[in-house]
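The structure appears right after this line, and notes come after that.
Excluded from the calculations below are hydrogen atoms, water molecules and symmetry mates; all remaining heavy atoms, backbone and side chain alike, are included. Every number for a ligand or one of its atoms is a count from 1 in the order of the listing.
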Amino acid sequence: MGRAAALLGLSRLCALWAALLALFPCGAQGNWMWLGIASFGVPEKLGCANLPLSSRQKELCRRKPYLLPSIREGARLGVQECRRQFRRERWDCRAPAAGAPFGYELSSGTKETAFIYAVMAAGLVHAVTRSCSAGNMTECSCDTTLQGGGSASEGWHWGGCSDDVQYGMWFSRKFLDVPLRNATGKESRVLSAMNLHNNEAGRQAVAKLMSVDCRCHGVSGSCAVKTCWKTMSSFEKIGHFLKDKYEHSVQVSDKVKRKMRRRDKDQRKVPIRKEDLLYVHKSPNYCVEDKKLGIPGTQGRECNRTSEGAGGCNLLCCGRGYNTHVVRHVERCECKFIWCCYVRCRRCESMTDVHTCK
Ligand SMILES: *[C@@H]1O[C@H](CO)[C@@H](O)[C@H](O)[C@H]1NC(C)=O
Ligand SMILES: *[C@@H]1O[C@H](CO)[C@@H](O)[C@H](O)[C@H]1NC(C)=O
Ligand SMILES: *[C@@H]1O[C@H](CO)[C@@H](O)[C@H](O)[C@H]1NC(C)=O
């Protein structure tokens with residue numbers, strides 16, 4: 001995918017959404033231009049001025065160009081995890097337009113928007129923190145506040161390199177939140193508050209899922225002494241946590257008040273937690289194609305005939321039924337080692353049924 005195509009796709013889509021939905025002015029979409037970085041070869045070599053960044057992000061980039069590889073890695077992590085978590089869903093976290101990583105969901109104010117913001121903000125924290133722990137940065141390193149601590153009586157002490165997410169959290173806020181803070185108009189004010197909340201929910205997920213790893217020392221693995229360090233969870237685990245938050249996400253009122261409130265009046269007393277994902281608008285069902293919104297629909301998606309859950313033909317095809325094709329696989333099989341020295345195999349053919357939604 002060329003970078004020109006990526007940028008063109010994004011800006012064209014942006015104009016389209018802006019015209020159709022009257023949600024975000026295109027300038028606010030500029031906040032997402034940074035995703036284009038993921039398709040650049042070596043962004044450090046291009047210089048901040050030539051990268052697809054909003055003006056504030058460019059300013060930050062000029063001050064901290066050494067963070068560009070982490071920004072790129074964070075974008076890659078977020079997009080990949082979104083696709084993994086949603087690969088069996090009607091919305092599969094893919095944009096129909098070539099080049100743009102996301103489509104209509106970026107600005108729709110739905111649960112899907114919530115997930116995208118959270119996972120992208122979390123990806124940035126994860127990538128920056130890993131770079132800190134790897135010793136690649138002068139402004140951050142391992143968590144040094146733990147050094148010397150531990151519990152002698154329980155036979156362990158802090159050692160090694162504990163991940164310190166603070167710098168990553170700070171950078172993710174600076175890079176992603178600051179450009180969102182200046183929304184004008186009623187609709188964009190509520191959406192911008194929602195997006196800011198979900199960015200933070202994503203970052204909090206990284207912090208919340210920190211765990212402790214230990215290594216034993218002592219005579220023949222007796223574990224008389226243990227060294228322990230704090231470590232971030234794998235990004236897949238964080239994605240799974242956020243998917244669960246998505247499934248239990250909270251609809252908030254679109255009336256602009258000092259604070260965001262639940263839309264459900266009976267539930268107003270239940271506080272909104274930092275880690276909840278929030279949305280304003282109900283999602284479309286993603287079943288049928290909608291060219292205007294850029295929703296591809298599920299026709300032609302591969303489904304599982306025997307599953308009643310996500311990815312099953314029943315749910316994925318929205319009751320339209322499915323087609324079955326027979327696909328032939330040819331592979332090497334029954335390989336034998338012949339003395340001396342080669343391997344002889346047979347060619348085996350197998351047929352599998354593949355089901356796709358009507
Ligand atoms: C740290 O820097 C080295 C050399 O530039 C690079 O190869 C490595 O991927 C970086 N590690 C992280 C986690 O950013
Ligand atoms: C918000 O907009 C005002 C006026 O356009 C500008 O002066 C200010 O610097 C902006 N603030 C941020 C955080 O972008
Ligand atoms: C289809 O779903 C069934 C039941 O959930 C599962 O056991 C099977 O592995 C799935 N098949 C594929 C190809 O994913």
Of all protein heavy atoms, the one nearest atom 6 (C) of ligand 3 is Asn304 ND2, 4.1 Å
Min over Gly311, Ser307, Cys303 of heavy-atom distance to atom 5 (O) of ligand 3 lands on Ser307
Hey, does Val225 have a side-chain heavy atom less than 4.5 Å from the side chain of His157?
-> yes
Next on the checklist: Polar contacts were defined as any N/O atom of the residue lying under 3.5 Å from an N/O atom of the ligand; does this apply to Arg130 and ligand 1?
Outcome noted: no
For this session: Measure the shortest side-chain to side-chain distance between Met137 and Val128 over non-hydrogen atoms and say whether it is less than 4.5 angstrom.
Result: yes
Closest to atom 3 (C) of ligand 1 among protein heavy atoms sits Asn136 ND2, 3.6 Å
In Trp91, Tyr286, Tyr279, the residue satisfying side-chain hydrogen bond (donor to acceptor under 3.5 Å, both in side chains) with Glu112 is Tyr286
A student checking ligand 3 against Thr306 at a 4.0 Å heavy-atom cut-off should list atoms 1 (C), 2 (O), 3 (C)
Aromatic contact between Phe86 and Tyr246, with the criterion being ring centroids under 6.0 Å apart: yes or no? yes
Check your understanding: Within a distance of under 4.0 Å, is there any protein heavy atom near atom 14 (O) of ligand 3?
Key -> yes
Within a distance of under 4.0 Å, is there any protein heavy atom near atom 11 (N) of ligand 1?
yes
More than 12 heavy atoms of other residues, nucleotides or ligands under 6.0 Å from NZ of Lys174: is that the case? no
Protein heavy atom under 4.0 Å of atom 8 (C) of ligand 1
yes
Is Gln85 reaching over with its side chain to a backbone N or O of Lys243, donor-acceptor style, under 3.5 angstrom? no
